[in-house]
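This report concerns only the one structure given below.
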Amino acid sequence: MQMKTFDNHTLSLLGMGNMRLPTVGDQPGAPIDRAKAQAMIDYAMANGINYYDTAYVYHSGESESFLGEALVSRYPRDRFYLATKFLIGANPDYRAVFEEQLARLKTDHIDFYLLHAIFDANAQAYIDSGAIAYFEEQKRLGRIRYFGFSLHASLAVLKRFVALRKWDFVQIQFNYYDWVYGPARQEYEILDAAGIPVLVMEPVRGGRLATLSPDAEGILKAAHPDWSISSWALKWVKSHSRVQVVLSGMSTLAQLQDNVATFRDGTAWTEADEATLMKAVEAFKRQVQVPCTACRYCCDDCPARINIPAVLDVYNRYKTDGAGALRALDSIPSDGMPVDCIECGACTAHCPQNIQIKAIMHELAQLANP
């Protein structure tokens, strides 16, 4: 496992995200399949991963308690680093949330603590809440080792937060697709100029970069037949010197094994690799219409209880494969369907990708009922 020094600690370059653990069934909110997830934790620990990321809301709050049992209760506390987050929209009582997190995780300290999912719409609320001063005090008391934030906001908000205090790290969505077609390059350059270590979320864009269009995959396979498609994304991310930890939200043991193999490989990223990948992403972009990462921030407030990421996945396939792909709408796990959308806009307000979800629902409803 490739490792990098952070302060006076050594962190695995690959970190395990715990937002997409295997579940019992495919329904939204299904409980974690603890036997399968435990096997993944055990494999990760046995293969050098020592950074484990979770949050108060992941798996409807079950992720933290699962890690408390599967990791903290089973392994010496000095063998791994825990990261979790405070989301002001889930519960603004940061004092109560922090105490609950310590109890869930069965620990007396959090190694990496984050303000969670800063958007333009909630940035001022975080600043005004008193949470930053409170968590700074917890750091002084040794209950937090390092303090940072995760970002889904504009560059202006990023610059504003960077100027607020001396952050220990910042977590951003960072992948080759967003480098070319999104704000990732500018975000990275801002943090690099400020000397702030970068922790990476969505390096494979919620799994979207694990399966590309046939043309794009053909370009990559021609260059390196032995590399998996997802490994291209991870190799690209870890080639950037400011990157400290690359989080991958893995759902199967096979995904974990593939990623571990990628992070054992110390082969240098070359200019030829870069040129090949940029050619492939251009081909891929021509076929991708909606850049959904399946973060599910859009789902909680949907009055129609639509499984929006699943619907958007079908929409992408429709745009690529034609009307026949829409038949898959009948088999997705969802209480509501596009025709049930009341176009309230609650989903769009929470979307980190700024996807115009209600317009897509309207289009799909029209296609279903011409």
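Owing to the predicted nature of the structure, the values given are computational and were not obtained by experimental measurement.
Counting only distance, with no hydrogens or angles, the side chain of Ser150 and the backbone of Ala117 share a donor-acceptor pair below 3.5 Å. Tyr52 places no side-chain N or O within 3.5 Å of a backbone atom of Asn18 that could act as its donor or acceptor partner. At distances below 3.5 Å, not a single donor-acceptor pair connects side-chain atoms of Ser334 with backbone N or O atoms of Met337. Judged purely by atom type and a 3.5 angstrom limit, Ser63 has no side-chain atom pairing as donor or acceptor with the backbone of Met19. In this structure, Lys85 contributes its side chain and Thr54 its backbone to a donor-acceptor pair below 3.5 Å. Between the side chain of Asp178 and the backbone N or O of Ala184, no donor-acceptor pair lies under 3.5 Å. The main-chain N or O of Phe119 is found under 3.5 Å from a side-chain atom of Asn122 such that the two form a donor-acceptor pair. The closest donor-acceptor contact from the side chain of Lys221 to the backbone of Trp227 lies under 3.5 Å.
Within the 4.5 Å cutoff, the side chain of Leu114 has no heavy atoms near those of the Phe86 side chain. Between Arg208 and Thr293, every side-chain heavy-atom pair lies at or beyond the 4.5 Å cut-off. Between Leu158 and Ile118 there is no side-chain heavy-atom pair separated by less than 4.5 Å. Using a 4.5 Å heavy-atom cutoff, the side chains of Val97 and Gln101 are in contact. Put simply, the side chain of Arg205 does not reach to within 4.5 Å of the side chain of Tyr176, judged on heavy atoms. Residues Trp232 and Leu212 have side chains not in contact (no heavy-atom distance under 4.5 Å, counting atoms from C-beta outward). Contact annotation: the side chain of Leu67 never approaches that of Val72 to less than 4.5 Å [non-hydrogen atoms, C-beta and beyond].
Here the closest non-hydrogen pair linking Met1 and Leu14 is SD-CB, 4.0 Å. Heavy atoms only, all atoms of each residue included: Leu209 and Ile229 are closest at O-CG2, 3.4 Å. The two residues Pro333 and Asn307 make their nearest non-hydrogen contact at O-ND2, 2.8 Å. Here the closest heavy-atom approach between residue Ile306 and residue Cys299 is recorded as O-SG, 4.2 Å. Nearest heavy-atom pair across Ser12 and Gly48 is CB-O, 3.4 Å. The heavy-atom pair separating Val204 from Ala210 by the smallest distance is CG1-N, 3.5 Å.
The existence of a salt bridge linking Asp168 and Lys139 is confirmed by a sub-4.0 Å separation between a basic side-chain nitrogen and an acidic carboxylate oxygen. Lys279 and Glu282 are not joined by a salt bridge, as no carboxylate oxygen comes within less than 4.0 angstrom of a charged side-chain nitrogen. Here Arg34 pairs with Glu62 in a salt bridge; the nearest charged N to carboxylate O distance falls below 4.0 Å. Electrostatic pairing of Glu189 and Arg242 does not count as a salt bridge here, judged by no charged N lying under 4.0 Å from a carboxylate O. With respect to the salt-bridge test (charged N to carboxylate O, under 4.0 angstrom), the residues Asp108 and Arg77 do not qualify.
Tyr51 OH to Leu199 CG: the interatomic distance, rounded to the nearest 0.5 Å, is 4.5 Å. One distance of note links OH of Tyr94 with CD1 of Ile132; it measures 10.5 Å at 0.5 Å rounding. Once rounded to the nearest 0.5 Å, the distance linking CG of Leu71 with CE of Met45 reads 6.0 Å. Once rounded to the nearest 0.5 Å, the distance linking CG of Leu367 with NE2 of His362 reads 10.0 Å. Note: Ile357 CD1 to Cys344 SG = 10.0 Å, rounded to the nearest 0.5 Å. We find the CZ-CG distance between Phe263 and Asn47 to be 13.5 Å, quoted to the nearest 0.5 Å.
Dense packing is recorded around NZ of Lys4, with more than 12 heavy atoms of other residues, nucleotides or ligands lying under 6.0 Å away. Other residues, nucleotides and ligands contribute over 12 non-hydrogen atoms within 6.0 Å of the CG atom of Asp128.
No hydrogens or angles considered: a donor-acceptor pair under 3.5 Å links the side chains of His9 and Tyr81. Side-chain atoms of Ser213 and Asp215 form no donor-acceptor pair, as typed in the model, at a separation below 3.5 Å. Side chains of His224 and Asp273: a donor on one and an acceptor on the other come within 3.5 Å. Side-chain contact, Glu363 with Tyr315: a donor N or O sits under 3.5 Å from an acceptor N or O. Side chains of Glu69 and Gln38: no donor on one and acceptor on the other come within 3.5 Å.
Between Phe149 and Phe161, the distance from one ring center to the other falls under 6.0 angstrom. Not less than 6.0 angstrom separates the ring centroid of Tyr75 from the ring centroid of Phe80. Between Tyr188 and His240, the distance from one ring center to the other falls under 6.0 angstrom. Taking the six-membered ring for Trp and the full ring otherwise, the centers of Trp236 and Phe174 sit less than 6.0 Å from each other.
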Start with the C-alpha distance between Leu102 and Thr107, add both sets of side-chain angles, then the distance that settles side chain to side chain contact (heavy atoms under 4.5 Å, CB included), and finish with yes or no. CA-CA 5 Å; Leu102 291 175; Thr107 188; 4.1 Å; yes

Side chain to side chain contact (heavy atoms under 4.5 Å, CB included), that's the test. Do Arg79 and Asn50 meet it? Break it down for me. CA-CA 7 Å; Arg79 284 191 56 196; Asn50 67 4; over 6 Å; no

Might you work through the side chain to side chain contact (heavy atoms under 4.5 Å, CB included) test for Met250 and Met16, ending with a clear yes or no? CA-CA 7 Å; Met250 298 161 281; Met16 183 168 178; 4.0 Å; yes

Assess whether salt bridge (charged side-chain N to carboxylate O under 4.0 Å, His left out) is satisfied between Asp340 and Arg305, documenting all intermediate values. CA-CA 9 Å; Asp340 301 311; Arg305 296 181 59 80; over 6 Å; no

Test side chain to side chain donor-acceptor pair (under 3.5 Å) applied to Glu187 and Gln173, step by step: CA-CA 9 Å; Glu187 291 173 358; Gln173 179 171 310; over 6 Å; no

Check the pair His116, Tyr56 against ring pair (Phe, Tyr, Trp, His ring centres under 6.0 Å), reporting the backbone distance first and the verdict last. CA-CA 9 Å; His116 190 182; Tyr56 186 70; 9.8 Å; no

Evaluate the salt bridge (charged side-chain N to carboxylate O under 4.0 Å, His left out) criterion for residues Lys166 and Glu136: first the C-alpha distance (whole Å), next the side-chain angles of each, then the deciding distance (0.1 Å), finally the verdict. CA-CA 11 Å; Lys166 182 173 171 40; Glu136 286 176 333; over 6 Å; no

Evaluation steps, ring pair (Phe, Tyr, Trp, His ring centres under 6.0 Å), between Phe112 and Phe6: CA-CA 11 Å; Phe112 291 80; Phe6 180 94; 5.2 Å; yes

Stepwise side chain to side chain contact (heavy atoms under 4.5 Å, CB included) check, Tyr181 with Phe284: CA-CA 12 Å; Tyr181 299 112; Phe284 179 55; over 6 Å; no

Hey, mind stepping through Trp167 and Tyr146 against ring pair (Phe, Tyr, Trp, His ring centres under 6.0 Å) and telling me if it holds? CA-CA 8 Å; Trp167 300 96; Tyr146 301 101; over 10 Å; no

